[in-house]
Amino acid sequence: MAGHAVIVADDHPLFRSALRGAVEQALPDAQVTEADSAQAVQAAVRMVPDADLCTLDLRMPGAYGFSTLAFLRGNHPSLPVVIVSAVTDPSVIRRAETLGAVGYIPKSAPPQVIAQSIQRVLAGDTAFPDTGANPTLSPAETADQALAERIASLTPQQFRVLTLLADGLLNKQIAYEMNVTEATIKAHVTAILRKLKVSNRTAAVIAARKLDVDDTEAGLDGAQPQMTAP
DNA sequence: CTTGAACAGCAGTCCTACAA
DNA sequence: TTGTAGGACTGCTGTTCAAG
């Protein structure tokens, strides 16, 4: 069997390198592709269309929380995505699970645990820290899912426009960033508004940011879920 | 799906004229 | 001098349609 292909997405070079090490520990034959932004993730997925796994940081340039996860679920449904984040709030972990991630690894987890989680996911299992039983979805989680489905329906170009829109860029600036004309951006924005079921760009930005993760949710204090080795 | 062009509507800015 | 109303202009946004 050929080696595994893994996409490691994290904007922090040091942690990306550590994560790469953990992946190579779990899969010595792995071919690792690194990405440091939401845009780079898109490029990586295009470059390695048959990747076996993607580890995804929630906070990267061009990414608003779970928006990249939602996009990947919609455009690359066969690619398993494991969220790797400093945020350890149980509600965030549950959101990741609800939105289609196959695993969630706190950055505080030791390399062996990260490696074991990766192996579990590649074996077809899931790898989430124990957050306690909570079988029913809250209304907020149901709304999250509906929003994620809409974002998942966006094309790659539309998703890119949405992320730049969320950064506060004007159509002209987005056009410059993407190397197309302003008219093209307008057409994309119209399509985005239609798919997200909103009436203007401000509402679209608000919608995109609903999938963001609040910094205060980073579990630096209080009870943290325990990542247990199988 | 992506891109571009044409068009209409809206909001903000600038300038001018006029009254208090 | 100051404040305000009105018009022209400009920039931005959003829609629609057509072509590749």
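Just so we're on the same page: letters track the sequence lines, and every chain starts at 1.
- The CZ atom of A:Arg160 sits 16 Å away from the C1' atom of B:dT2 (whole-angstrom rounding).
- Whole-Å rounding puts the A:His188 NE2 to B:dT3 P distance at 5 Å.
- Residue-to-nucleotide proximity on DNA chain B shows that, of A:Lys186 and A:Lys195, the 5′-proximal contact is made by A:Lys195.
- A donor-acceptor distance shorter than 3.5 angstrom exists from the side chain of A:Arg209 to the backbone of A:Ala166, with no hydrogens or angles considered.
- Separating the CG atom of A:Leu165 from the C1' atom of C:dC12 is a distance of 13 Å, rounded to the nearest angstrom.
- Note on A:Asn171: every side-chain N or O is 4.0 Å or more away from OP1 and OP2 of C:dC12.
- A:Thr190 has no side-chain polar atom (N or O) that falls below the 4.0 Å cut-off from OP1 or OP2 of C:dG14.
- The side chain of A:Ala187 approaches C:dT16 more closely than any other nucleotide in the set B:dT2, C:dT16, B:dC7.
- One can place CD1 of A:Ile185 at 15 Å from P of C:dT15, the figure rounded to the nearest angstrom.
- Under a 3.5 Å cut-off, the side chain of A:Arg120 and the backbone N or O of A:Thr126 do form a donor-acceptor pair.
- A:Lys107 meets the side-chain contact (heavy atoms from CB on, under 4.5 Å) test with A:Asp10, A:Phe15, A:Asp57, A:Val84, A:Ala86; sequence neighbours excluded.
- Remark: side-chain polar atoms of A:Ser17 are not paired, donor with acceptor, to backbone N or O of A:Pro13 under 3.5 angstrom.
- Here B:dT2 presents its C1' atom at 16 Å from CD1 of A:Ile174, a figure rounded to the nearest Å.
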